[in-house]
Amino acid sequence: MAGKKDFGYTGYNSDHKKASQILRKEMTPQERKLWYRFLVNFPLAMHRQRPIDRFIVDFYCPKARLVIELDGSQHYTVDGQQYDQLRTEVLERYRLEVIRFSNLQVDQHFRSVCQEIEQTAYRRSKG
């Protein structure tokens with residue numbers, strides 16, 4: 001693997017770098033809201049659209065080893081749920097915790113979404 005960095009435990013996949021850059025520019029309204037109103041100033045570093053293994057996760061906090069996913073309607077189909085289950089299993093192999101919120105939760109219960117992220121990130125970053 002000449003020329004490729006080994007990011008080891010994170011599963012960072014540089015093959016998805018271009019796609020993740022495009023996704024950062026084309027965030028959903030809920031991703032934009034969570035990023036600009038909460039995560040961009042979060043005391044623990046957060047990354048948007050982070051390539052991990054063969055996936056691009058919505059948000060990633062390396063210190064807490066935490067993945068935050070926002071789910072739109074496509075995630076609630078049978079195929080979407082099976083894909084998300086596989087995705088979670090792969091990410092958990094890297095000792096990452098995955099927490100999911102629906103777009104509706106971000107729209108209607110923003111404060112509680114932020115509180116859950118904060119509590120989970122701090123709990124995991126101390127351990």
Side-chain angles (χ1 to χ4, degrees):
M1 280 204 268
K4 289 210 176 207
K5 291 184 181 178
D6 178 15
F7 289 90
Y9 77 92
T10 66
Y12 181 84
N13 185 340
S14 61
D15 294 340
H16 296 301
K17 184 176 180 179
K18 188 71 170 168
S20 66
Q21 290 171 334
I22 292 168
L23 288 171
R24 278 185 216 114
K25 292 177 184 171
E26 298 175 359
M27 288 191 296
T28 67
Q30 291 79 13
E31 289 170 341
R32 192 174 289 111
K33 179 179 181 177
L34 185 59
W35 178 253
Y36 287 108
R37 291 182 52 192
F38 183 65
L39 296 178
V40 74
N41 293 314
F42 195 71
L44 301 176
M46 291 282 182
H47 301 277
R48 299 179 288 162
Q49 306 301 331
R50 182 73 171 183
I52 300 176
D53 201 280
R54 62 183 179 264
F55 308 109
I56 299 174
V57 302
D58 293 334
F59 302 101
Y60 174 59
C61 178
K63 182 159 179 68
R65 304 179 60 76
L66 178 65
V67 170
I68 303 160
E69 291 285 288
L70 302 187
D71 295 342
S73 59
Q74 72 277 13
H75 292 269
Y76 299 103
T77 65
V78 171
D79 287 343
Q81 290 176 340
Q82 289 174 344
Y83 178 79
D84 286 344
Q85 179 62 37
L86 168 68
R87 184 177 164 108
T88 297
E89 289 171 7
V90 170
L91 295 170
E92 286 175 345
R93 289 184 197 138
Y94 291 99
R95 296 177 303 144
L96 303 175
E97 182 172 336
V98 179
I99 56 175
R100 297 183 166 280
F101 301 97
S102 69
N103 285 341
L104 188 64
Q105 285 176 289
V106 173
D107 288 338
Q108 295 183 358
H109 305 286
F110 188 70
R111 181 178 284 174
S112 64
V113 167
C114 295
Q115 287 173 338
E116 185 173 340
I117 292 168
E118 183 174 44
Q119 290 170 355
T120 305
Y122 284 123
R123 173 181 50 81
R124 289 193 49 87
S125 69
K126 291 182 180 11

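Just so it is clear, the structure is predicted and the values come from calculations on it, not from any experiment.
Minimum heavy-atom separation, Phe38 to Glu118: CZ-CB, 4.3 Å. Counting all heavy atoms, side chain and backbone alike, Leu96 lies closest to Ile52 at CD1-CD1, 3.9 Å. Summarising the geometry of Tyr94 relative to Asp53, their closest heavy-atom pair is OH-OD2, 2.5 Å, with the distance given to 0.1 Å. The two residues Ala64 and Arg124 make their nearest non-hydrogen contact at O-NE, 2.8 Å. The heavy-atom pair separating Arg100 from Gln105 by the smallest distance is O-OE1, 4.3 Å.
Residues passing the ring pair (Phe, Tyr, Trp, His ring centres under 6.0 Å) test with Phe110: none are found, sequence neighbours excluded. The side chain to side chain contact (heavy atoms under 4.5 Å, CB included) test applied to Gln82 returns Val78, Asp79, not counting sequence neighbours. Applying the side chain to side chain donor-acceptor pair (under 3.5 Å) test to Gln85 and every residue at least two apart in sequence or in another chain returns Glu89. With sequence neighbours excluded, the residues that form a side chain to side chain contact (heavy atoms under 4.5 Å, CB included) with Tyr36 are Met27, Arg32, Arg48. Residues that satisfy the side chain to side chain contact (heavy atoms under 4.5 Å, CB included) test with Leu44, not counting sequence neighbours, are Phe42, Cys61, Lys63, Ala121, Tyr122, Ser125. In this view, Glu92 and Thr88 satisfy the side chain to side chain contact (heavy atoms under 4.5 Å, CB included) rule, not counting sequence neighbours.
Side-chain atoms of Val57 and Arg87, non-hydrogen and from C-beta on, do get closer than 4.5 Å to each other. Looking at Met46 and Ile117, their side chains come closer than 4.5 Å, going by heavy atoms from C-beta outward. Under the 4.5 Å side-chain criterion, counting only non-hydrogen atoms from C-beta, Gln49 is in contact with Asp58.
Linking ILVMFWY side-chain heavy atoms closer than 4.5 Å, directly or via other members, places Leu70 and Leu104 in two distinct hydrophobic clusters.
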Apply the test side chain to side chain contact (heavy atoms under 4.5 Å, CB included) to residues Leu34 and Ile68: give CA-CA distance (whole Å), side-chain angles for both, the deciding distance (0.1 Å), then the verdict.
CA-CA 10 Å; Leu34 185 59; Ile68 303 160; 4.3 Å; yes
Could you go through the side chain to side chain contact (heavy atoms under 4.5 Å, CB included) check for Leu39 and Cys114 one step at a time?
CA-CA 9 Å; Leu39 296 178; Cys114 295; over 6 Å; no
Checking Asp84 against Gln81 for the side chain to side chain contact (heavy atoms under 4.5 Å, CB included) test, could you report, in this order, the C-alpha distance in whole Å, the side-chain angles of both residues, the deciding distance, and whether it holds?
CA-CA 5 Å; Asp84 286 344; Gln81 290 176 340; 5.7 Å; no
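Screening residues 107-117 for side-chain hydrogen bond (donor to acceptor under 3.5 Å, both in side chains), with sequence neighbours left out, gives Gln30-Asp107.
Ring geometry, Phe59 versus Trp35: the interplanar angle falls under 30°, so the pair is classed parallel (tilted spans 30 to 60°).
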